[in-house]
Amino acid sequence: MTSQQLLRQMSTREWERAITAADLVVGPAFAYHLAGGGPAAAVHVATGDSLTDEARQQLITELKQAIDATVARVLSAQIIRTTTRDEEAER
């Protein structure tokens with residue numbers, strides 16, 4: 001399998017089917033907004049159903065920290081705001 005096959009685009013419907021088929025639990029979505037522009041990236045996290053709540057929370061926290069750092073490094077920009085799916089729903 002090539003890296004291009006691993007990174008192919010998925011529709012949200014395909015993503016939902018893949019998550020369901022893998023018995024994953026849908027978690028938070030993070031959207032990254034940069035100074036001087038609109039949204040730059042968004043990531044939606046899903047975790048294994050067998051994780052404890054504590055392990056799931058720790059994993060999500062550490063994934064978010066890594067994604068924050070990667071977005072800032074790759075885009076050579078300061079993240080001015082990160083929103084979660086729950087925050088977007090409140091708007």
Side-chain angles (χ1 to χ4, degrees):
M1 189 175 282
T2 68
S3 62
Q4 288 293 5
Q5 290 170 319
L6 292 174
L7 298 175
R8 81 168 185 80
Q9 294 181 350
M10 284 180 110
S11 70
T12 53
R13 184 166 289 151
E14 287 177 300
W15 187 85
E16 182 180 18
R17 282 194 303 259
I19 296 304
T20 301
D23 289 327
L24 295 172
V25 176
V26 174
F30 309 113
Y32 294 88
H33 308 270
L34 304 177
V43 176
H44 199 149
V45 178
T47 57
D49 188 36
S50 63
L51 296 177
T52 65
D53 288 343
E54 182 179 326
R56 179 176 289 109
Q57 187 57 50
Q58 182 177 355
L59 178 61
I60 289 169
T61 297
E62 292 192 24
L63 283 171
K64 183 176 181 314
Q65 290 170 349
I67 295 165
D68 288 353
T70 301
V71 169
R73 178 180 48 80
V74 170
L75 298 180
S76 299
Q78 180 183 5
I79 299 168
I80 60 165
R81 185 177 54 148
T82 304
T83 56
T84 64
R85 181 182 61 221
D86 294 336
E87 291 169 348
E88 289 293 323
E90 292 173 2
R91 289 182 175 189

D53 meets the salt bridge (charged side-chain N to carboxylate O under 4.0 Å, His left out) criterion, sequence neighbours left out, with R56
Same apolar cluster: I67 and L75, side chain cutoff 4.5 Å: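 Yes.
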When you group the ILVMFWY residues by side-chain heavy-atom contacts below 4.5 Å and let the links chain together, are V43 and L63 in the same group?
yes
- Item | Donor-acceptor under 3.5 Å (H44 side chain, F30 main chain) |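 The answer is no, because no donor-acceptor pair under 3.5 Å joins these two groups.
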**Report entry** Q58: side chain to side chain donor-acceptor pair (under 3.5 Å) partners, not counting sequence neighbours
**Finding:**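 Partners of Q58 by the side chain to side chain donor-acceptor pair (under 3.5 Å) criterion, ordered by chain and then number, come out as E62.
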Residues at least two apart in sequence or cross-chain that pass side chain to side chain donor-acceptor pair (under 3.5 Å) with S50, listed by chain then number, are none
request  = Could you check if a side-chain atom of Y32 sits within less than 4.5 angstrom of a side-chain atom of D68, using non-hydrogen atoms only?
outcome  =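 Heavy-atom side-chain distance check passes, below 4.5 Å.
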Checking [X] now: which residues fulfil side-chain contact (heavy atoms from CB on, under 4.5 Å) with it, not counting sequence neighbours?
X: I19; value: W15, L24, V26, A46
X: A18; value: M10
X: S11; value: R13, E14

Value for OG1 (T47) from CD (Q57), rounded to nearest 0.5 Å, stands at 10.0 Å
Rounded to the nearest 0.5 angstrom, the OG1-CD distance for T20 and E16 is 5.5 Å
